[in-house]
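Only one structure is covered here, and it is reproduced in the block below.
Every number for a ligand or one of its atoms is a count from 1 in the order of the listing. The basis for the numbers below is simple: all heavy atoms, side chains too, and nothing from hydrogens, waters or symmetry mates.
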Amino acid sequence: MSNVQSVILAAGKGTRMKSKKSKILHEVAGRPIIDWVVRCALDAGSTRVVTILGHQSEIIEAHLKKTFGDLVSFAYQREQLGTGHALFCALDELVGYESKTLILSGDVPNLSSQTLSAFLLATEDRSGLITSVLEDAKQYGRIVRSDAGVESIVEYKDATDEQRKIKEINAGFYAFQTAEMDRALRTLLETPPTNAQGEYYLTDVVSMIGPCVGWELNNAQEMEGVNNRVDLAEAEKFAQRRINKYWMLEGVTFLDPETTYVGAEVKLAADVTLSPNVVLMGTTSIDSDTHIASGSIIEDTKIGKSVNILPNCHFEDSKIDDHSNIGPFVHLRPGADIGPECKVGNFVEIKKVRLDRGAKANHHSYLGDGHVGERSNIGAGTIFCNYDGKNKNFIKLGKGVFIGSNSALVAPVTVGDNAYVGAGSTITSDIPEDSLAVARARQKNIEGWAKRKK
Ligand code: UD1
Ligand code: MG
């Protein structure tokens with residue numbers, strides 16, 4: 001097969017989203033809609049992707065450059081005079097490169113690269129387009145066929161009652177021979193449009209080229225564009241079902257796939273188990289035999305093997321090593337680094353702290369900016385006072401340290417190996433190894449006091 005390039009129509013305004021943000025930068029499964037389209041084009045074998053921009057072009061261009069670098073180039077349609085005009089604006093970027101050009105819509109996130117590749121293969125060395133047969137053909141362009149293929153596309157607004165009965169519609173994806181497309185578009189732009197919408201229709205290129213291959217899509221949901229928030233939610237649901245199904249076939253157990261959200265960049269190993277109402281986002285990865293109980297939201301976090309996450313945790317940009325037990329109600333903030341065989345329990349918040357192997361913080365604590373050595377035990381209610389109002393200071397606990405309940409460690413402070421802190425202490429100086437530090441008022445019992453009071 002000859003080389004192929006792709007062009008994405010993305011100059012439209014997306015008014016119906018009622019959003020400050022460009023429609024194509026809204027996300028499906030945590031990935032911007034336009035990124036799905038670019039990836040689809042690249043995964044289907046495009047050597048280059050040209051995006052046609054209009055509204056918010058600077059923002060979209062900056063985003064795409066950051067994400068895809070040199071793989072994407074740009075053309076500009078300053079005034080939206082129709083899909084044919086849009087493609088015409090990109091001709092300089094397209095003619096003279098590859099002999100075949102794929103045309104995709106920037107607002108259709110769920111077309112798979114497998115579908116696109118199959119379509120491309122079916123067109124061989126002809127021009128063609130993707131069609132779909134719909135029970136409710138809505139306002140899509142209608143496909144007019146002869147034995148030779150697709151003769152023309154009639155836009156709904158221009159169609160006769162008879163033509164509106166046609167159930168085969170134009171999905172909006174084309175594979176044109178670049179030279180044929182070039183000739184047809186130049187002719188199209190020679191005369192002002194006379195159709196119902198007064199636009200230069202890309203669909204007219206089909207009849208100008210002559211009978212084209214019409215390749216029917218099996219799953220019509222793949223071609224659905226996002227125009228408003230209802231469409232966005234439907235696209236999200238479709239993407240979720242597909243992502244979850246993919247992971248189930250890779251050996252992940254979903255107790256309730258309908259309520260489990262897995263972002264597009266998340267990586268899961270076989271024998272991970274996900275309970276209902278789990279949300280996995282960003283670059284999160286989870287290794288084998290780990291179980292995530294209900295109610296957790298996990299973002300950009302790397303979780304090892306055989307980890308047990310109890311209900312209702314929130315992790316951000318953190319790391320949890322093998323065989324650890326976390327939760328319920330644990331908040332790991334950026335930089336929390338939990339070593340192997342650790343236990344972090346009820347209502348503990350950790351930020352930028354490393355816990356070495358076997359360390360424990362089981363109840364009601366805040367640990368920020370520090371290092372906890374192997375097997376150390378942080379008692380209930382311990383607070384790392386890491387902030388002096390101006391700077392964040394560091395707390396270092398050695399191996400086998402025991403911090404009694406309700407202690408405040410005022411940073412910077414270092415506690416030597418195997419040292420103890422008495423419960424209720426406020427620690428402001430370093431503690432040597434093997435010592436006990438007690439920093440609280442000594443208890444005084446006043447005998448008979450209660451009787452005398454009465
Ligand atoms: C188009 C097709 C229709 C097809 C449908 C599938 C035409 C004339 N009609 O209709 O046959 O059934 O898609 O979804 O092509 N755009 C630009 N510049 C413009 C106009 C549009 O870049 O001047 C972009 C839009 O941002 C969008 C895409 O082209 O990504 C499609 O445009 P849209 O106006 O939605 O076309 P439809 O009327 O839906
Ligand atoms: Mg549309």
Quiz item: With a cut-off of 4.0 Å, which atoms of ligand 1 are near a heavy atom of Tyr201?
Solution: 8 (C)
Quiz item: Going from CG on Leu87 to CD1 on Ile8, what distance comes out if it is rounded to the nearest 0.5 angstrom?
Solution: 12.5 Å
Exercise. Pick, from Ile24, Leu9, Ile33, Thr83, the option with the minimum heavy-atom distance to atom 8 (C) of ligand 1.
Key: Thr83
Quiz item: Is there at least one pair of N or O atoms, one from Gly141 and one from ligand 1, spaced under 3.5 Å apart?
Solution: yes
Self-check item: Interfacing atoms of ligand 1 (cut-off 4.0 Å, heavy-atom, Ala86)
Solution: 17 (C), 18 (N), 22 (O)
Quiz item: Out of Gly82, Gly106, Gly14, whose heavy atom sits nearest atom 19 (C) of ligand 1?
Solution: Gly82
Practice problem: Taking Asp369 for its side chain and Phe394 for its backbone only, find out whether a donor-acceptor pair lies under 3.5 Å. | Solution: no
Quiz item: How does Gln77 reach ligand 1, by side chain, by backbone, by both or by neither, if only non-hydrogen atoms under 4.0 Å count?
Solution: side chain
Practice problem: Indicate the atoms forming the closest heavy-atom contact of Ile24 with Ala10, along with that distance. | Solution: CD1-CB, 3.7 Å
Quiz item: Which one holds for Leu81 and ligand 1: side chain close, backbone close, both close, or neither close, with close meaning a heavy atom under 4.0 Å?
Solution: backbone
Quiz item: Are any of the N or O atoms of Gly172 closer than 3.5 Å to those of ligand 1?
Solution: no
Quiz item: Which ligand 1 atoms are under 4.0 Å away from a heavy-atom of Thr203?
Solution: 7 (C), 8 (C), 9 (N), 11 (O), 15 (O)
Exercise. Work out which heavy atom in Ile209 is nearest to a heavy atom in Ala184; give both atom names and the distance.
Key: CG1-CB, 4.2 Å
Exercise. Apply salt bridge (charged side-chain N to carboxylate O under 4.0 Å, His left out) to the pair Asp356 and Arg354, showing each step before the final yes or no.
Key: CA-CA 6 Å; Asp356 284 343; Arg354 159 73 185 176; 2.8 Å; yes
Self-check item: Distance-minimising heavy-atom pair for Gly172 and Asn170
Solution: N-OD1, 2.9 Å
Quiz item: If we only count N/O pairs under 3.5 Å, is Tyr140 in contact with ligand 1?
Solution: no
Exercise. Heavy-atom distances under 4.0 Å are what count here, so tell me which part of Gln139 touches ligand 1: side chain, backbone, both or neither.
Key: neither
Practice problem: Give the atoms of ligand 1, by number and element, whose distance to some non-hydrogen atom of Ser105 is under 4.0 Å. | Solution: 28 (C)
Quiz prompt | Salt-bridge criterion met for Glu180 and Arg183 (N-O under 4.0 Å) | solution = no
Quiz item: Any idea which heavy atoms bring Val28 and Trp36 closest together, and the distance?
Solution: O-NE1, 2.9 Å
